[in-house]
Amino acid sequence: APFRATPVLLDVLAPLNARTWFETDMTRTLRSLQQGSTLLKGVMDIFLRDPLFDWQREALSARAKTGAKEQGGHIQAKVARA
(Lines give C-alpha, C1' and ligand atoms only; values in the text may rest on other atoms or scores of the structure.)
Protein backbone atom coordinates (compact mmCIF):
# COMPACT_ATOMS: atom_id res chain seq x y z
CA ALA A 1 0.00 0.00 0.00
CA PRO A 2 1.30 3.49 -0.74
CA PHE A 3 0.46 4.61 2.77
CA ARG A 4 -1.04 3.23 5.94
CA ALA A 5 -3.96 4.68 7.85
CA THR A 6 -2.05 4.63 11.12
CA PRO A 7 -3.54 6.01 14.33
CA VAL A 8 -1.15 8.97 14.13
CA LEU A 9 -2.34 9.89 10.63
CA LEU A 10 -5.97 9.51 11.61
CA ASP A 11 -5.45 11.60 14.78
CA VAL A 12 -3.93 14.42 12.73
CA LEU A 13 -6.89 14.38 10.37
CA ALA A 14 -9.51 13.83 13.09
CA PRO A 15 -10.90 17.40 12.99
CA LEU A 16 -11.81 16.80 9.33
CA ASN A 17 -13.57 13.50 10.10
CA ALA A 18 -11.00 11.92 7.79
CA ARG A 19 -11.43 8.40 9.16
CA THR A 20 -14.87 8.20 7.58
CA TRP A 21 -13.57 9.64 4.32
CA PHE A 22 -10.65 7.24 4.24
CA GLU A 23 -12.76 4.21 4.99
CA THR A 24 -15.38 5.15 2.42
CA ASP A 25 -12.87 6.05 -0.29
CA MET A 26 -10.65 3.05 0.33
CA THR A 27 -13.63 0.71 0.26
CA ARG A 28 -14.88 2.20 -3.01
CA THR A 29 -11.41 2.08 -4.54
CA LEU A 30 -10.84 -1.55 -3.56
CA ARG A 31 -14.30 -2.53 -4.83
CA SER A 32 -13.65 -0.76 -8.15
CA LEU A 33 -10.26 -2.43 -8.53
CA GLN A 34 -11.79 -5.83 -7.87
CA GLN A 35 -14.67 -5.30 -10.31
CA GLY A 36 -12.39 -3.94 -13.03
CA SER A 37 -9.53 -6.36 -12.42
CA THR A 38 -9.67 -7.80 -15.95
CA LEU A 39 -9.34 -4.36 -17.52
CA LEU A 40 -6.62 -3.36 -15.06
CA LYS A 41 -4.64 -6.54 -15.74
CA GLY A 42 -4.96 -5.95 -19.48
CA VAL A 43 -3.60 -2.44 -19.20
CA MET A 44 -0.81 -3.41 -16.80
CA ASP A 45 0.20 -6.31 -19.05
CA ILE A 46 1.57 -3.76 -21.51
CA PHE A 47 4.02 -2.55 -18.87
CA LEU A 48 4.88 -6.04 -17.65
CA ARG A 49 5.71 -7.29 -21.14
CA ASP A 50 7.41 -4.19 -22.50
CA PRO A 51 9.87 -5.41 -25.14
CA LEU A 52 12.41 -2.73 -24.27
CA PHE A 53 13.03 -4.42 -20.94
CA ASP A 54 13.70 -7.71 -22.73
CA TRP A 55 16.03 -5.96 -25.13
CA GLN A 56 17.93 -4.38 -22.27
CA ARG A 57 18.31 -7.77 -20.59
CA GLU A 58 19.50 -9.27 -23.87
CA ALA A 59 21.99 -6.43 -24.27
CA LEU A 60 23.36 -6.93 -20.78
CA SER A 61 23.60 -10.67 -21.35
CA ALA A 62 25.35 -10.20 -24.71
CA ARG A 63 27.69 -7.64 -23.19
CA ALA A 64 28.55 -9.99 -20.34
CA LYS A 65 29.25 -12.86 -22.77
CA THR A 66 31.39 -10.83 -25.15
CA GLY A 67 32.94 -8.52 -22.60
CA ALA A 68 31.84 -5.52 -24.68
CA LYS A 69 31.61 -2.16 -23.00
CA GLU A 70 28.89 -0.64 -25.19
CA GLN A 71 25.26 -1.75 -24.95
CA GLY A 72 23.48 0.93 -27.00
CA GLY A 73 24.24 -0.66 -30.37
CA HIS A 74 22.40 -3.86 -29.55
CA ILE A 75 19.22 -2.04 -28.55
CA GLN A 76 19.39 0.27 -31.56
CA ALA A 77 19.73 -2.73 -33.86
CA LYS A 78 16.60 -4.29 -32.31
CA VAL A 79 14.66 -1.04 -32.79
CA ALA A 80 15.78 -0.80 -36.42
CA ARG A 81 14.58 -4.37 -37.09
CA ALA A 82 11.20 -3.86 -35.34
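Sorted by first then second residue, the side-chain hydrogen bond (donor to acceptor under 3.5 Å, both in side chains) pairs that include residues 23-45, not counting sequence neighbours, are R19-E23, D45-R49. The salt bridge (Lys or Arg N to Asp or Glu O under 4.0 Å) contacts involving residues 5-18 comprise nothing, where partners must be two or more places apart or lie in separate chains.
L40 meets the side chain to side chain contact (heavy atoms under 4.5 Å, CB included) test with L33, M44; sequence neighbours excluded.
With values rounded to the nearest 0.5 angstrom, L13 atom CG is found 6.0 Å from L16 atom CG.
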